[in-house]
Undergrad: 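The structure's right below; bear with me while I get my questions together.
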Amino acid sequence: MAILVAPSILAADFSNLAGEVRRVEQAGADWIHCDIMDGHFVDNISFGPAIVGFVRKQTKLRLDVHLMIEHADHYLPRFVDAGADSITVHVEPEAKHDVGKTLQQIRDAKCRVGLTLNPETDFKLVEPFLDEIDMLLVMTVHPGFGGQPFRADQMEKVKRAANWNRSRDRQMDIEVDGGINPQTAHVSIQNGANVLVAGTSIFHTRDYAKAIRHLRGGD
Ligand code: DX5
Ligand code: ZN
């Protein structure tokens, strides 16, 4: 599977968000990762559907919306209306929604269906849903903040997802998110990941094209 890079705009300069989105698109990004935080499911507040709608107007790239919120089923229609192409929800009970129903809701809205688990969460929780999703997001940090160190112990889950793909002859995307830089991207790809979310290692550099090439393993 092609290695895809999804810059996380959480690390972008919001005073020039339009310019930042266009710049990473020109630099070779494949998707734009939008981190939605509600201050309840995670201990931080980021942005909502209005900003996703604004980003939609700047780019034709796939908008990869990561919902770190409670009651995603209630709010997700607003992200669909804002132009999300892919919506990822959390499997933990603390997310306070019926996971199976929410995944179907995303599917019915004609968006790509993503499911994610925190580092503390057992892979067993996502297994019943693997047949119903287009993408599994393995969090490599506890969600809520950018700039955290990568958790290599989560590669076990990436391997299990890759094995699951092979056993079913499926091509479910396997995304990693948190502390991704050229070294940890390499480790993640070796274990079976094909989508790399990166905030700090792209937006906190001078040359976005070089940063994106390095994440893919190029020079
Ligand atoms: C964290 C978010 C990540 C984060 C990645 O909860 O889901 O997408 O913004 O940022 P870096 O790449 O700086 O770890
Ligand atoms: Zn994210």
Side-chain angles (χ1 to χ4, degrees), residues 3-14 17 20-21 24 27 29-49 51-52 55 61-70 72 75-76 79 84-92 94-95 106 111-121 126 133 135-155 157-158 173-189 193-205 208 210-212 214-216:
I3 302 302
L4 305 172
V5 175
S8 161
I9 57 169
L10 191 70
D13 170 6
F14 268 64
L17 186 57
E20 291 271 69
V21 171
V24 279
D30 300 289
W31 303 354
I32 301 289
H33 186 82
C34 301
D35 287 306
I36 315 301
M37 303 174 180
D38 66 352
H40 294 281
F41 181 71
V42 288
D43 185 23
N44 196 4
I45 298 171
S46 61
F47 51 87
I51 295 289
V52 172
V55 173
L61 290 181
R62 177 177 289 174
L63 294 191
D64 173 33
V65 175
H66 177 192
L67 296 181
M68 289 163 275
I69 65 174
E70 293 178 350
Y75 293 99
L76 81 85
F79 292 97
D85 298 296
S86 168
I87 296 179
T88 299
V89 296
H90 274 265
V91 72
E92 289 80 15
E94 292 77 13
I106 300 169
C111 281
R112 293 185 91 248
V113 181
L115 185 62
T116 182
L117 68 170
N118 290 344
E120 302 77 12
T121 304
V126 296
I133 62 176
M135 180 169 75
L136 181 72
L137 164 52
V138 175
M139 289 304 302
T140 44
V141 297
H142 185 79
F145 300 90
Q148 300 182 74
F150 173 83
R151 290 190 51 165
D153 62 340
Q154 298 308 301
M155 290 302 103
K157 294 173 184 170
V158 173
D173 283 317
I174 303 170
E175 185 176 54
V176 286
D177 183 12
I180 301 298
N181 60 36
Q183 294 73 42
T184 56
H186 180 66
V187 171
S188 300
I189 294 166
N194 71 301
V195 186
L196 309 169
V197 175
T200 311
S201 65
I202 295 175
F203 287 109
H204 295 190
T205 69
Y208 292 178
K210 187 174 164 194
I212 290 173
H214 283 184
L215 286 170
R216 286 188 220 282

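Read the numbers this way: they start at 1 and go in the same order the structure lists the ligands and their atoms.
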Undergrad: Let me see the working for Met139 and His90 under side chain to side chain contact (heavy atoms under 4.5 Å, CB included), right down to the final yes or no.
TA: CA-CA 10 Å; Met139 289 304 302; His90 274 265; 4.2 Å; yes
Undergrad: Listing by chain and number, what protein N/O/S atoms are under 2.8 Å from the Zn ion (ligand 2)?
TA: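 Only His33 NE2, Asp35 OD1, His66 ND1, Asp177 OD2 fall inside 2.8 Å of the Zn ion (ligand 2).
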Undergrad: Checking Asp64 against His66: is there a side-chain donor and acceptor pair closer than 3.5 Å?
TA: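 Looking only at side-chain atoms, Asp64 and His66 do not form any donor-acceptor pair under 3.5 Å.
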Undergrad: Which heavy atom of Glu20 sits nearest to which heavy atom of Asp13, and what is that distance?
TA: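 Looking at all heavy atoms of both residues, the closest pair is OE2-N, 2.7 Å.
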Undergrad: Ignoring hydrogens, what is the shortest heavy-atom contact between Met37 and Val42? Give both atom names and the distance.
TA: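 Closest pair (atom of Met37, atom of Val42, distance): CB-CG2, 3.5 Å.
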Undergrad: Drop me the distance from Leu117's CG to Glu92's CD, to the nearest 0.5 angstrom.
TA: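 Result: 6.5 Å between the selected atoms.
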Undergrad: Please output the residues near ligand 1 using a strict heavy-atom distance under 4.0 Å, listed in chain and residue-number order.
TA: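 For ligand 1, the residues that come within the 4.0 Å heavy-atom cutoff are Ser8, Leu10, His33, Asp35, Met37, His66, Met68, Met139, Pro143, Gly144, Phe145, Gly146, Gly147, Asp177, Gly178, Gly179, Val197, Ala198, Gly199, Thr200.
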Undergrad: For Gln148 and His142, test the side chains for any donor-to-acceptor distance below 3.5 angstrom and give the result as yes or no.
TA: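 The criterion, which ignores hydrogens and geometry beyond distance, is not satisfied for His142 and Gln148.
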Undergrad: Treating Arg112 as the side-chain partner and Met135 as the backbone partner, does any N or O pair qualify as donor plus acceptor under 3.5 Å?
TA: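 Here the side-chain-to-backbone pair does not exist.
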Undergrad: Assess, by modelled atom type and distance only, whether the side chains of Gln154 and Thr140 contain a donor and an acceptor separated by less than 3.5 Å.
TA: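 Short answer, no.
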Undergrad: Could you tell me whether His204 atom NE2 has more than 12 heavy atoms of other residues or ligands within 6.0 Å of it?
TA: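 Correct, the count exceeds 12.
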